[in-house]
Amino acid sequence: MTAEPREHATPPGENPPGENPPGENPPGENPAGDPRRFLRSGRLETMPRRWRDKVAVTRYLAAQALPTLLEPVTERELTDRLGELSYDPVGARRAMVDHGLVQRTRDGAEYWRTERTEYDG
């Protein structure tokens, strides 16, 4: 048995009335899987407790702080960028290294992102 088309179906590429485009939420609303729900006024106050939330937040911060793959930045520059996104920029930097998203020189003078994330533009 085949399904008959509905009379009021939304044309392809358009959203039903009252629905936001995919990936766009009403201001102040973030779905359960969105790491931005942990941000307050655009900054991370504390790292989430759940492992998968920590990973998602870390991946999001890496994409925001280091938008270009393999672009080397100094430790100070990365810390400053993360300072705009997190109240604990050193902890966020350490998490990015621990999760393998960012590599650094042996002396820690330079950092660069090595992995694409789902949050890349």
Side-chain angles (χ1 to χ4, degrees):
M1 178 177 232
T2 60
E4 294 182 28
R6 298 183 344 200
E7 278 184 40
H8 301 288
T10 304
E14 292 186 23
N15 296 312
E19 286 191 23
N20 293 313
E24 292 184 23
N25 299 309
E29 292 185 30
N30 294 314
D34 190 343
R36 291 174 294 186
R37 74 183 192 273
F38 295 103
L39 306 181
R40 301 292 174 260
S41 300
R43 290 179 77 191
L44 178 68
E45 290 183 352
T46 59
M47 193 60 83
R49 292 183 184 181
R50 290 176 61 186
W51 177 255
R52 72 176 177 208
D53 291 334
K54 283 181 188 180
V55 171
V57 167
T58 302
R59 292 175 68 81
Y60 176 78
L61 292 175
Q64 297 300 306
L66 296 168
T68 305
L69 282 177
L70 304 176
E71 172 193 13
V73 297
T74 65
E75 178 184 25
R76 169 54 75 199
E77 176 66 22
L78 179 56
T79 302
D80 289 347
R81 290 180 187 186
L82 288 170
E84 296 176 12
L85 300 168
S86 172
Y87 286 102
D88 181 11
V90 174
R93 188 183 69 218
R94 186 178 309 113
M96 291 190 307
V97 171
D98 290 348
H99 289 284
L101 297 166
V102 171
Q103 291 190 5
R104 63 183 177 185
T105 57
R106 185 176 289 229
D107 64 0
E110 285 190 328
Y111 291 75
W112 59 94
R113 186 161 64 103
T114 57
E115 187 175 319
R116 275 196 198 284
T117 72
E118 59 275 30
Y119 307 107
D120 287 318

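- Of all non-hydrogen atoms in Arg43 and Tyr87, the two that sit nearest each other are NH1-CE2, 3.1 Å.
- Distance check, rounded to the nearest 0.5 Å: CZ of Arg36 to CD of Gln64 gives 8.5 Å.
- With a 4.5 Å cut-off on side-chain heavy atoms, Arg81 and Pro67 count as touching.
- Between the side chain of Arg113 and the backbone N or O of Val102, no donor-acceptor pair lies under 3.5 Å.
- Leu82 pairs in a side-chain contact (heavy atoms from CB on, under 4.5 Å) with only one of the listed residues (Asp80, Leu78, Thr79), which is Leu78.
- For the atom pair Asp34 CG and Leu39 CG, the distance stands at 8.5 Å (nearest 0.5 Å).
- Using a 4.5 Å heavy-atom threshold, the side chains of Lys54 and Asp98 count as separate.
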Query raised in the report: Please walk me through it: do Asp88 and Met47 pass side chain to side chain contact (heavy atoms under 4.5 Å, CB included)?
Result: CA-CA 9 Å; Asp88 181 11; Met47 193 60 83; over 6 Å; no
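- In this structure, the side chains of Tyr60 and Leu85 stay at 4.5 Å or more apart for every pair of heavy atoms.
- Val73 is connected to Leu101 through a chain of hydrophobic side-chain contacts under 4.5 Å among Ile, Leu, Val, Met, Phe, Trp and Tyr, so both are in one cluster.
- For the atom pair OG1 (Thr58) and CE (Met96), the distance works out to 8.0 Å, reported to the nearest 0.5 Å.
- With contacts defined as side-chain heavy-atom distances shorter than 4.5 Å, the pair Val55/His99 qualifies.
- Glu115 is listed as a side-chain neighbour of Arg59, based on a closest heavy-atom distance under 4.5 Å.
- When all heavy atoms are compared, the tightest approach of Pro48 to Phe38 is CB-CE2, 3.7 Å.
- Atom CD of Glu75 sits about 11.0 Å away from atom CD of Glu110, to the nearest 0.5 Å.
- Note: Leu66 CG to Glu71 CD = 7.0 Å, rounded to the nearest 0.5 Å.
- Taken from CZ in Arg104 to OG1 in Thr114, the straight-line distance is 13.0 Å, to the nearest 0.5 Å.
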